[in-house]
Amino acid sequence: MKKALHLIFILFGLIALLNGCKKNHEDQYDLYKYIPPPPKPISDATPLCGSISGTMLAGKTYTVSCDIYVNPGDSLIIEPGVRVNFQNSAGLIVQGNLFSLGTAVNPIYLSVSGQTKTDAPSINYIASKDSAFAGKWKGVIGDKTCKYLILKWTHIEYAGALLGNSVAPLLGLAATDNSYGIFFSNSAGYFVFEDSWIYGTVDDAIRVAGSGGKFAIFRNTFEKCGKTGGDVLNVKAGGTGDMAYNLFIGNATNALKASNAGSAPGIENCNVHIYNNTLINGGWRQTKSGRGGSINFEKLAYGKCFNNLMVNCRWGLRLSSDIPDTSYLYNKNYGYNFYWADSLSVANQIFPYTPGAVTKPVATDIPNPASYLPANYAYTPCVAYNGAPAVQAVDPQFFNYTLPVTGGYRMQDITAVNNFKLTLKATSPCIGKGFTNFTPLQLVPVDAKYGVSFYPPPGKDIGCFQFDGSGNQHY
Amino acid sequence: MATSKLQVLGGVRIEYTNQHYNTAAPETYNLKYGRIWYTDVLPSLHLKYEINKKQNIRLSYFNSLVRPGFFEITPYYLDATEDQYAAQGNPTLKHTTADNFDLRYELFPGGADQVLAGVFYKKIDNPIETSFYNKLITGGNSGTSTAILTPQNFGNATNYGFELVATKYFGKFGINANYTYTHSAITTNKNYLFYDTTLNPNRGNTKVIDQTRPMQGQANHIANVSLLVKDPKIGLDVQLAFVYTGEKLAQVSSYYELDTWQSPYSQLDFSFEKRIIKHLTFYGKINNLTNSKTRFFVKQPYVLENTLNRIPGQDDPENSIFVQRDVYKLSFLAGLRFKL
């Protein structure tokens, strides 16, 4: 009997071993997937000008000599590794669809030729001498009929040329206004900007305006956006979507701005979920006073704002007085934002001291505002306070970016990622402090090519780089 | 292996499955053809303890698999013109496997009489259930249809319960009864739609919450009682069978607590067989003698804008939304069988 029991135990053990084997029971598939041939290959033999549709083929370099138009209903597909050099202040006007589908290994460049970058920090940096703000072309302009404006792993560089007579009316601007990096304006359309880069714009890097549109802006890097003004991501009435895991450095004004300006019947209320972004040295080139330097909600824009890491930005999160008091943003829709201030002038503006700013302190921010605000601090109307205790209070501990800034550089002297590594050290106080109990708005369909690749949930670490390697992939 | 009273039977079966399908769909149709393969190592162990010549106790464990139906794994699409909903197949279905544990007592008093009583526990990985899916399996735009009935895997289920079986003959007359109670639970994500203007001023909000429910098609109570007449001498075999099936979940909804349920139903069937001459048998069946009907419903009050919607046909608007009734009526079958 005892022997029998032994044997039984051995048998059960064997069974457990067999079932523990992971390969056991696993379904494997080989299912047919239709791969459409690239429609209408576009030749790189001669410079492009005028109407364009079809496919720019992988690895080729194209030259654009005057404004190119993707007509309503047409599509332009850009394959991985393509470089497009715009000449003569040309622009890419999309009235149909644009699918610029680069990859991590073979990104796409929408740029110009012959520019040299000067990205090392420089003492007494002067924007007018930086080639980044040359404004050599008109950027990507999504017109009212643009249904899909999808850009993945795509570099956009040196945009911001004067719009000129034929293009300016599409944006409701004057011929002498500077263009943006990307413009989108179709409430029935979808705009996706993923894992991409915008380097050097004269005005806004991205503007969603006109009738707005549904967007997903995830995991991008924005360097040197706005020469002496202009925001990086500037969303007006009708714009709804998510902005997360983006890295901003050296922008002129706000990194992220949501405003319901331009609201009209039939246009949806501006609503933006802003989370897990890293913002460095923003706001120092804005020549007008009282303008933001990090994140800004105004004119009845809605949204959420969590887990953002703001380092030496000229102003903290600004809720403008026309945000509906108590009903929306005050209702636990922002917090868990992290501030670092090298100097007192930065610390004194974490709660912007400027007319109309009504940012109500929340205890979840780091450092806790209660640790440096006076007990009687009034957020509306805002009063000046002494931010001294917040100066150099909690170091976010970047992998390779020393705080406070050393080497005699001012905050505005560092405008590009260059050789810095803005991921977090294992000991960073940002790790594990993020708020994850909310969801992205998720308004754009998910698709590897024709939509958003996936919706990244809120990150558990504050900022755009997650210690587990998720989040922004530009490192 | 066997000691005097204990028998142990253990083994491992290995099954390799390789399924192919091909369709006449055009080349642009995703999933036009496909191959699905998997290997299952299925151990089992059966212990039988003989109390005496008439009584046994059995303890068994076995690992089992259920393959999806062939039609289920093909990428078919049927639109909603014939039926209420569009339906599609799902080549990415996973097959179902289960760990089964059984403990059973058996008594054989003599003849064909028997009494069996047992408890069981099953852990079921990837059961296949049919629910709405808002996308085409083949990708692309589903058009206006956002509710396509699709076989899917939702996770793992646990079933446990007990069963009783008894058969007793009095000469030519017999009675056979069995009863099974099953507690079935599977927890899956469901969408929950709610309105909260402080969260979202423009539209309703959806959140995902867990719901625990029985597996689709698994009734909590199943009972059968049959009255039998068996006379091999004159070639007579008559059976009157009563089947009771408890409430069960008929269709899984993707929304929280909006599954479709089927009410309990009972059915009475009669069948007979009589040998006429040596090789010729006359047989017949009358199904559904009591004219049973089925009722499908959603376990929610039928509320429209905060008031109960009392419309004809909605028999219980306080508690449920009546969805569908299937009426089968009586069915007859009779025939002659000739055996060589």
Side-chain angles (χ1 to χ4, degrees), chain A residues 1-5 7-21 23-37 238 240 260 267-271 273 300-304 324 326-333 437-439 441-443 445-450, chain B residues 1-6 8 10-12 14 17 20 22-23 25-45 47 59 61-63 65 75 91-97 99 125-126 135 138-141 153 197-203 205-208:
Chain A
M1 193 69 196
K2 211 173 176 192
K3 259 190 177 170
L5 280 174
L7 204 68
I8 290 162
F9 279 124
I10 290 167
L11 284 169
F12 270 112
L14 266 174
I15 286 165
L17 211 72
L18 282 168
N19 269 351
C21 177
K23 274 276 170 220
N24 191 15
H25 306 308
E26 194 179 308
D27 297 74
Q28 289 171 283
Y29 305 93
D30 181 7
L31 303 172
Y32 173 80
K33 175 128 176 79
Y34 173 64
I35 299 162
T240 51
N260 206 36
I267 293 185
E268 229 176 300
N269 202 104
C270 176
N271 187 5
H273 284 193
L300 304 174
Y302 285 88
K304 291 184 189 297
T326 64
S327 71
Y328 188 71
L329 270 162
Y330 286 172
N331 186 23
K332 294 180 183 159
N333 278 312
N437 193 16
F438 66 99
T439 51
L441 270 175
Q442 310 189 35
L443 301 177
V446 174
D447 190 279
K449 282 185 177 176
Y450 308 117
Chain B
M1 189 192 71
T3 60
S4 54
K5 296 255 177 179
L6 183 70
V8 180
V12 177
I14 297 176
T17 305
H20 290 264
N22 201 349
T23 69
E27 203 181 302
T28 53
Y29 198 84
N30 282 328
L31 310 172
K32 171 180 162 66
Y33 54 82
R35 176 177 162 238
I36 300 139
W37 69 99
Y38 41 88
T39 307
D40 293 276
V41 181
L42 305 163
S44 66
L45 183 60
L47 274 61
L59 175 66
Y61 162 80
F62 60 98
N63 199 224
L65 84 148
T92 60
L93 267 183
K94 291 181 182 139
H95 72 293
T96 306
T97 55
D99 288 301
D125 290 351
N126 300 315
K135 292 190 191 111
T138 51
N141 195 340
N153 303 107
T197 50
T198 65
L199 281 173
N200 200 328
N202 290 322
R203 59 180 76 75
N205 300 277
T206 308
K207 65 179 173 187
V208 175

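In what follows, every chain begins at residue 1, and chains take the letters A, B, ... in the order their sequences are listed. The basis for the numbers below is simple: all heavy atoms, side chains too, and nothing from hydrogens, waters or symmetry mates.
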Report task. Please look at Leu93(B) and chain A and tell me whether the side chain, the backbone, both or neither of the residue comes under 4.5 angstrom of a heavy atom of that chain. Result -> backbone

Query - Residue part contacting chain A, namely of Thr28(B), when any heavy atom lies under 4.5 Å - result: both

Query raised in the report: Are Asn63(B) and His25(A) linked by a side-chain donor-acceptor pair shorter than 3.5 Å?
Result: yes

I want to check something: taking the side chain as every heavy atom from C-beta on, are [X] and [Y] in contact at a cut-off of under 4.5 Å?
X: Tyr32(A); Y: Arg35(B); result: no
X: Trp37(B); Y: Asp30(A); result: yes
X: Asn30(B); Y: Tyr34(A); result: yes

Query raised in the report: Which atom names give the shortest non-hydrogen contact between Leu31(A) and Gly34(B), and what distance separates them?
Result: CD2-CA, 3.8 Å

Query raised in the report: For Ile36(B) and Tyr29(A), which heavy atoms make the closest approach, and how far apart are they?
Result: CG1-CD2, 3.8 Å

Requested in this report: Count the heavy atoms belonging to other residues, nucleotides or ligands that lie under 6.0 Å from NZ of Lys32(B), then report whether that count exceeds 12.
Outcome: yes

Query raised in the report: Would the number of heavy atoms belonging to other residues, nucleotides or ligands and lying under 6.0 Å from OH of Tyr33(B) be above 12?
Result: no

Requested in this report: Only counting residues at least two apart or in another chain, list the ones meeting side chain to side chain donor-acceptor pair (under 3.5 Å) with Thr17(B).
Outcome: Arg67(B)

Query - Residues which pass ring-ring contact (aromatic ring centres under 6.0 Å, His included) with Tyr38(B), listed by chain and number, not counting sequence neighbours - result: His95(B)

Query raised in the report: At a heavy-atom separation under 4.5 Å, does Lys304(A) approach chain B through its side chain, its backbone, both, or neither?
Result: side chain

